[in-house]
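First up is the structure itself, then whatever we jot down about it.
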Amino acid sequence: MKNLIVANWKMNPNSQKEAKEIFDAIREGSRGLDVEVIVCPPAVYLYASIFGEGVVSMGAQNVYFEDKGAFTGEISVEMLKDLKVEYIIIGHSERRKYFGETDEIINKKIKKALEAGLKVIFCVGETQEEHDAGKKNEVLEKQIKIGLDGITDLANLNVAYEPVWAIGTGNNCGVEETKESLDFIRTLIGQVRVLYGGSVKSDNSGEYIKEAGANGLLVGGASLIAEEFIKIVKSAE
Ligand code: 13P
């Protein structure tokens, strides 16, 4: 299976024009490479006329677990499928922290997305405090146990280990520690693709794939700079 490199643009950029420019450059730079490349823009840019088909797949940063109805501001799995979105990031630490998403909510979202045939990038990871208290494995175990409760078909599941303290800080997790966490996640879940995320740049990306055994990367800040992101994609070949 190919390595998976995912751009999580978060709430950036501020215009369709910029989104298209970054996306076009990523698509051209990714052409012909033996890597699966996914761009997850803000939902307002998730339409094929901006993104075009092929080479790079589209992913959403969020979804709601109900089918339709009176849920102001939310987006359903059917809406995403209609736009040809393939992947959804679920359980990102920013959704947990700023939008009150619990493991139980995350579980409902993962179930809904998988039932709809969408591919999921399920994010897990410990905070600085939990890390320093030696609770990393306990936290990962809880997030995974509740997040995947009742889910048996893991074919479309990918997991991203994103230590919260490594996100947007420049303090990326060391290779040894990352390897331990990825292996621990595999012992809990079995054979799914496990990605690393947290201050990934082109000068550290290759070591996560080659030394830590990650099956891909979830990239925030560096994914908004097409040239830098393409270097990261190439390092995963
Ligand atoms: P940074 O790459 O900016 O640290 O963000 C990581 C992340 O949260 C990706 O989902």
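Predicted model only: the values in this text are computed from it and were never measured.
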Reference residue H92; test side-chain hydrogen bond (donor to acceptor under 3.5 Å, both in side chains); the match among E162, Q61, K97, E101: E162
Side chain to side chain, K112 and D67, heavy atoms closer than 4.5 Å: yes
Expected output: side-chain D183 to main-chain E180 donor-acceptor under 3.5 Å: no
Any donor-acceptor N/O pair, E177 side chain to G174 backbone, under 3.5 Å: no
Backbone N/O of E211 and side chain of K179: donor-acceptor pair under 3.5 Å: no
Side-chain donor or acceptor of E228 paired with backbone N/O of S202 under 3.5 Å: yes
K231 side chain reached by K234 side chain, heavy atoms, under 4.5 Å: no
Least distance between heavy atoms, I88 atom then A113 atom: CD1-CB, 3.9 Å
Sidechain-backbone polar pair: W9 side chain, V39 backbone, donor-acceptor under 3.5 Å: no
Atom pair CG (N158) and NZ (K119), whose distance is rounded to the nearest 0.5 Å: 8.5 Å
Q143 side chain reached by R96 side chain, heavy atoms, under 4.5 Å: yes
Residue pair G147 / I151: nearest heavy atoms and the distance that separates them: O-CD1, 3.8 Å
Y45 side-chain N/O to P13 backbone N/O, donor-acceptor pair under 3.5 Å: yes
Non-hydrogen atoms of V139 and G125 that approach each other most closely: CG1-O, 4.1 Å
Within 6.0 angstrom of K108 NZ, more than 12 heavy atoms from elsewhere: no
Trace of the salt bridge (Lys or Arg N to Asp or Glu O under 4.0 Å) decision for K17 with E21: CA-CA 6 Å; K17 184 172 175 288; E21 279 168 11; 3.0 Å; yes
Spatial distance of atom CG (L148) from atom CG (N107) [nearest 0.5 Å]: 7.5 Å
Residues, nucleotides or ligands: over 12 heavy atoms within 6.0 Å of Q128 CD: yes
Flag side-chain contact, heavy atom, 4.5 Å: L224 against K10: no
Shortest non-hydrogen contact between S223 and I26, atoms and distance: O-CD1, 3.8 Å
Exam field: side chain Y196 to backbone C173, donor-acceptor pair closer than 3.5 Å: yes
Separation of D203 CG from S235 OG (nearest 0.5 Å): 10.0 Å
Pairwise distance CG(L157) to CD1(I110) - rounded to 0.5 angstrom: 6.5 Å
C123 versus I89, closest heavy-atom pair with distance: SG-CG2, 3.7 Å
Distance in Å, E36 CD paired with E86 CD, rounded so as to fall on 0.5 Å steps: 7.0 Å
Close side-chain approach of N62 and K109, heavy atoms under 4.5 Å: yes
V192 side chain reached by F122 side chain, heavy atoms, under 4.5 Å: no
Greater than 12 external heavy atoms within 6.0 Å of K111's NZ: yes
I146 backbone acceptor or donor facing D103 side chain under 3.5 Å: no
Flag side-chain contact, heavy atom, 4.5 Å: V35 against K2: no
Euclidean distance, I5 CD1 relative to F229 CZ, rounded to 0.5 Å: 6.5 Å
Qualifying residue for side-chain contact (heavy atoms from CB on, under 4.5 Å) with L217, from I209, V6, L195: I209
Plane angle bin for F71 and Y64 - parallel if under 30°, tilted between 30 and 60°, otherwise perpendicular: tilted
Check: I90 and V63 side chains under 4.5 Å, non-hydrogen atoms: yes
K145 atom NZ, neighbour heavy-atom count above 12 within 6.0 Å: no
